[in-house]
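The shown structure was predicted, so the numbers you read here are calculated from the model rather than taken from an experiment.
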Amino acid sequence: MSIIEKLASSLNRRDQLPNQELAKDIVLSKNKKAVKELVENLSNKKAIQNDCIKVLYEIGEQEPKLIADYIHEFVEQLGSKNNRLQWGAMTALGTITNERPKEIYTILPTILEVADKGSVITKDHAVTILIKLCATKNYADGAFTLLTEQLLKSPTNQLPMYAERAVPIVNEKNKTLFVKTLTSRLNDIEKDTKRKRVEKVIKKFE
């Protein structure tokens, strides 16, 4: 049975369990040939595309080295009209950020341009990429500046989550700007519960 035959859509399944199990099998066997086949089928019909990108980012979450050589292919999918493929590719890039920080940092302009125009989930994973780069010494300063820009313009629904995720990378050097940025957004947040979450993050650093 080929890799494609094991995908959920090939099995007429609507759940993701076959894709998750396939990813686990590929990781355990370190099957680079299977990874290559999945990447090659990102240009297949939509159902296959969706399954392939799902399996690929599931692999990336467990064993990022196995998909790290395919940065270029994932970047290509960021321009896809298939929204599932676009945010899936952004998710995959997020899983390999710590593996390939230099390459990911280099393509940040593309990542952020796509995030600005993309869905909420696409933005979420772009912010995840920035936060990971903020924790990488060589790229921390530049990535933090870009993260600040995202915090300033992010939808208020997403802002509390972004603020909370960023807590581990806040330090003595950047905490003043972090607090200032979040404080400037407080009046934008209409929902009390969301505003309180941001205020709680701010208090950690005051």
Legend entry - Set of residues satisfying side chain to side chain donor-acceptor pair (under 3.5 Å) with respect to Thr95, sequence neighbours excluded: none
Inset, instruction - Check whether any side-chain N or O of Gln77 sits under 3.5 Å from a backbone N or O of Ala89 as a donor-acceptor pair, and report yes or no. - result: no
Legend entry - Heavy-atom check, side chain of Ile111 versus side chain of Leu108, under 4.5 Å: yes
Legend entry - Counterpart residues, side-chain contact (heavy atoms from CB on, under 4.5 Å), relative to Ala23 (two or more places apart): Val55, Glu58, Ile59, Gln62
Legend entry - Spacing of CD1 belonging to Ile189 relative to NZ belonging to Lys191, to within rounding of 0.5 Å: 11.5 Å
Legend entry - Under 3.5 Å: donor-acceptor pair, side chain of Ser10, backbone of Ile4: yes
Inset, instruction - With rounding to the nearest 0.5 Å, note down the distance linking CD1 in Ile53 to CD in Glu73. - result: 10.5 Å
Inset, instruction - Answer yes or no: is there a donor N or O on one side and an acceptor on the other, between the side chain of Ser2 and the main chain of Glu5, under 3.5 Å? - result: yes
Inset, instruction - Could you walk me through whether Leu17 and Arg13 pass the side chain to side chain contact (heavy atoms under 4.5 Å, CB included) test, one step at a time? - result: CA-CA 9 Å; Leu17 191 58; Arg13 292 274 292 268; 3.8 Å; yes
Legend entry - Close side-chain approach of Leu177 and Thr145, heavy atoms under 4.5 Å: no
Legend entry - Pairs satisfying salt bridge (Lys or Arg N to Asp or Glu O under 4.0 Å), at least one member in residues 38-52, at least two apart: Lys36-Glu40
Inset, instruction - Please round to the nearest 0.5 Å and tell me the distance separating atom CG of Leu151 and atom NZ of Lys180. - result: 14.0 Å
Legend entry - All salt bridge (charged side-chain N to carboxylate O under 4.0 Å, His left out) counterparts of Glu63, not counting sequence neighbours: none
Legend entry - Residues forming a side chain to side chain donor-acceptor pair (under 3.5 Å) with Thr122, sequence neighbours excluded: Gln86, Ser119
Legend entry - Pairs satisfying salt bridge (Lys or Arg N to Asp or Glu O under 4.0 Å), at least one member in residues 109-137, at least two apart: Glu113-Lys117, Asp116-Lys153
Inset, instruction - Considering non-hydrogen atoms only, spot the tightest contact between Ala163 and Phe178 and give its length. - result: O-CZ, 3.8 Å
Legend entry - Shortest non-hydrogen contact between Ile129 and Gly94, atoms and distance: CG1-CA, 3.5 Å
Inset, instruction - State, yes or no, whether a side-chain contact exists between Tyr139 and Lys102 at a heavy-atom distance under 4.5 Å. - result: yes
Inset, instruction - Run through Lys54, Glu61, His125 and flag the one making a side chain to side chain donor-acceptor pair (under 3.5 Å) with Thr91. - result: His125
Legend entry - Co-membership, hydrophobic cluster, residues Val167 and Met161, 4.5 Å side-chain: yes
Inset, instruction - Kindly indicate whether the side chain of Trp87, heavy atoms from C-beta on, has any atom under 4.5 Å from the side chain of Tyr57. - result: yes
Legend entry - Asn187 atom CG: more than 12 heavy-atom contacts under 6.0 Å: no
Inset, instruction - State whether the side chain of Asn41 and the backbone N or O of Leu38 hold a donor-acceptor pair below 3.5 Å, judged by distance alone. - result: no
Inset, instruction - For residues Gly60 and Ile67, report the shortest heavy-atom separation together with the two atoms involved. - result: CA-CD1, 3.6 Å
Legend entry - Whether Thr136 side chain and Asn138 backbone form a donor-acceptor pair below 3.5 Å: no
Legend entry - Separation of Met90 CE from Leu85 CG (nearest 0.5 Å): 12.0 Å
Inset, instruction - Using a 4.5 Å cut-off on heavy atoms from C-beta on, say whether the side chain of Arg185 contacts that of Leu159. - result: yes
Legend entry - Side chains of Tyr70 and Val35 in contact at under 4.5 Å (non-hydrogen atoms): yes
Inset, instruction - Just jot down the salt bridge (charged side-chain N to carboxylate O under 4.0 Å, His left out) partners of Arg165, sequence neighbours excluded, or say none. - result: none
Inset, instruction - With sequence neighbours left out, write down each residue that passes side chain to side chain donor-acceptor pair (under 3.5 Å) with Lys173, or none if nothing qualifies. - result: Asp141
Legend entry - Side chains of Cys52 and Leu7 in contact at under 4.5 Å (non-hydrogen atoms): yes
Inset, instruction - Using the test salt bridge (charged side-chain N to carboxylate O under 4.0 Å, His left out), find all partners of Arg84 that sit at least two apart in sequence or belong to another chain. - result: none
Legend entry - Leu182-Leu186 co-clustered via ILVMFWY side chain contacts under 4.5 Å: yes
Legend entry - From Leu93 atom CG to Ile107 atom CD1, the distance as rounded to the nearest 0.5 Å: 5.0 Å
Inset, instruction - Would you indicate whether Lys24, at its atom NZ, is surrounded by more than 12 heavy atoms from other residues, nucleotides or ligands within a distance under 6.0 Å? - result: no
Inset, instruction - State the CG-OG1 distance between Leu130 and Thr97, to the nearest 0.5 angstrom. - result: 9.0 Å
Inset, instruction - Taking the side chain as every heavy atom from C-beta outward, state whether Arg100 and Ile71 have any atom pair closer than 4.5 Å. - result: yes
Legend entry - Residue pair Leu133, Leu147: steps toward the side chain to side chain contact (heavy atoms under 4.5 Å, CB included) verdict: CA-CA 10 Å; Leu133 287 171; Leu147 176 62; over 6 Å; no
Under 3.5 Å, which donor-acceptor pairs link side chains of residues 196-206 to any protein atom two or more places apart or in another chain?
{"unit_1": "Arg197", "atom_1": "NE", "unit_2": "Glu164", "atom_2": "OE2", "d": "2.8"}
{"unit_1": "Arg197", "atom_1": "NH2", "unit_2": "Glu164", "atom_2": "OE1", "d": "2.9"}

Donor-acceptor pairs under 3.5 angstrom involving side-chain atoms of residues 25-32: please list them, not counting sequence neighbours.
{"unit_1": "Ser29", "atom_1": "OG", "unit_2": "Asp25", "atom_2": "O", "d": "2.8"}
{"unit_1": "Ser29", "atom_1": "OG", "unit_2": "Ile26", "atom_2": "O", "d": "3.4"}
{"unit_1": "Asn31", "atom_1": "OD1", "unit_2": "Lys33", "atom_2": "N", "d": "3.3"}
{"unit_1": "Asn31", "atom_1": "OD1", "unit_2": "Ala34", "atom_2": "N", "d": "2.9"}

Inset, instruction - Tell me, with the steps shown, if Ile48 and Ser9 meet side chain to side chain contact (heavy atoms under 4.5 Å, CB included). - result: CA-CA 7 Å; Ile48 299 293; Ser9 57; 3.8 Å; yes
Legend entry - Test salt bridge (charged side-chain N to carboxylate O under 4.0 Å, His left out) applied to Glu172 - qualifying residues, sequence neighbours left out: Lys175
